[in-house]
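Shown next, in structure tokens, is the structure this report addresses.
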Amino acid sequence: MKRLALILTGLAILAACQHKPEAFSVIPMPNDVTLSEGTYAVAGKAFFLDPRMDNASSAAVWRFKKALETATGRESPLGKGELQFLVNPDLAAEQYTISVSADGVVVEASALNGFVYACETLKQMLPAAIYGGKKAKADWVLPCVRIADQPRFAYRGMHLDCSRHFWSVEETKRYIDIMTTYKLNRLHWHLTDDQGWRIEIKSYPRLTEVAAWRDGTCIGKDMESSDGIRYGGFYTQEQLREVVAYAAERGITVIPEVDLPGHMVAALAAYPELGCTGGPYKVWERWGIAKDILCAGNEAVFTFIEEVLAEVMDIFPSQYIHIGGDECFDPFDKEAVFPWDTCPKCAARMRRLGLPKGPEAKHQLQHYVTARVQQFVNSKGRNIIGWDEILDGDLAEGSAIMSWRGTEGGIKAAAKGFDAVMTPYNYAYFDYYQGSERDKEPLAIGGNLPLETVYSYEPLDGIAPGAEQHIRGVQANLWTEYIATPEHLYYMLLPRMCALSEIQWCKRDRKDYTRFDASLDHTFAILDQMGVNYSLDCRGLVGLDRKPARNAAELEEYLAKKDWEW
Ligand code: ACM
Ligand code: ZN
């Protein structure tokens, strides 16, 4: 009897140790995956790095090696190893292949991004503890598989607003780490706005002495209120370069945005002579669309823009320089008179340009500003990208837009032969609520953008046949008016950014919400290891404190009573 019990216990232990490859839950799902029987144990195995590999690619593989060593607690020697990372010049820069067999692992790529993505795929195929940064007991095996993968879109962006609330260099690097995990390759950094200027500009010191600080922040949605607490911060040029380099090591280009000529109240507070009235102005403590913008009739404004952008381009090597261009004139305030309607200097400029009198003139004047800035940026060998308001102006070849007021801007840009990044508010604004039970969610700007809606977005819908190549990719935006802590930031970001990554990466026929939803449990385990918050709304747990969602009947009653406003 005792022997039988022993045998049974032994069999149970054996069964527990035998690795069953879990459902393949890599996000974004690679485009070609063939799983086979068997596994390969990776702990303590030697790495071989192709001597032709460039330094950045070697460093990326090295980071993977270190993470593996830390998590397994076993050293992986470098030399003639079973974990082979080979250069295959026939592959595109973002393409990679992985072959895992009982004999080892062979990774092929041609450049940094391919190697980064191969490592990220390998990490996601391993136990989540590889993300934990400490030794962990786990089944350190990879499933046998062949993967051939490359992204659908070249531009895979995520935006971060550090003006409304400021994120430290360390937090921004963590944001970049999360982007890397899901194979994004553009960080659109919204560095300036009415509520705070965040870039050190050496030729305009008051931008960081004055424009980087506000005397308070409005409380909730009461725009007349202020908490009276001084708030702000900025990045030194050295810190900005550090972030650019950190991102570049992970295959991510940082695109800086200097939003102009609107969203400039903070800068005006520092240099009031750049506004139409001369001020005084105060760094904004509230949210919304400010009437005060840069004066388009004053040559000193163009000097300011050029000197600022010259320093910006010196720090940021990105081909695109984002010049904003949104919301110069509040579209909801049809009756309003804006400073450009009454400013003598702007009027003189309008006359010199021969613009027809009337409410349209100010829009034409904005196009003039855009065209001048475009010319300057082009003269430095770069291209402008701007919000879709700039599309109605005279864009030069190589300029691009971000379609944010829906998809129409992108559709129109592509038809006109301009490149566009799709970032429509109704699928890609991660500052929106994500569940139906607002009273359990932290305060948000409005809207309703659940995970499944994000996932359902198809960027080429509506694009004229033959113009598809102008849709460079997709980006989601994370405005931070109502987001003040990292815990809340990641709650808004995740797992919606995971859904975004599949829109950006996966071929149309590879997307499958049921499969994606099933992969999320592994991604939640990864995020737990990374120490990053996320929403569990898709699992019926609502809000930062993850309260159980209402049942169907209660929800119906709640929704019937609710008068949702923005
Ligand atoms: C924007 O959301 N104002 C581009
Ligand atoms: Zn003016």
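In each ligand, atom 1 is the first atom listed, and ligand 1 is the first ligand listed. Remember, it's a predicted structure, so these values are computed and weren't measured experimentally.
A salt bridge between K282 and E285 is present, with a side-chain N of the basic residue lying under 4.0 Å from a carboxylate O of the acidic one. Remark: R174 engages E171 in a salt bridge, criterion side-chain N to carboxylate O under 4.0 Å. With respect to D333 and K291, a salt bridge is recorded, a charged nitrogen being found less than 4.0 Å from a carboxylate O. Of the charged side-chain nitrogens involved, at least one lies within less than 4.0 Å of a carboxylate oxygen, so that E94 and R156 count as a salt-bridged pair. For the pair K412 and D392, the salt-bridge criterion is met [side-chain N within less than 4.0 Å of a carboxylate O].
Relative orientation of the Y320 and Y155 rings is tilted, given thresholds of 30° and 60° on the angle between their planes. Ring geometry, Y425 versus Y429: the interplanar angle exceeds 60°, so the pair is classed perpendicular (tilted spans 30 to 60°).
Using a heavy-atom distance under 4.0 Å as the criterion, the protein contacts of ligand 1 are D326, E327, W387, W404, Y429, W479.
In terms of heavy atoms, C162 sits closest to R198 at O-NE, 2.7 Å.
Excluding water, every protein N/O/S atom under 2.8 Å from the Zn ion (ligand 2) is given here by residue and atom: C276 SG, C295 SG, C343 SG, C346 SG.
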Next on the checklist: For F166 and Y235: C-alpha separation, side-chain torsions, deciding distance, then whether ring-ring contact (aromatic ring centres under 6.0 Å, His included) applies.
Outcome noted: CA-CA 10 Å; F166 181 69; Y235 308 105; 4.7 Å; yes

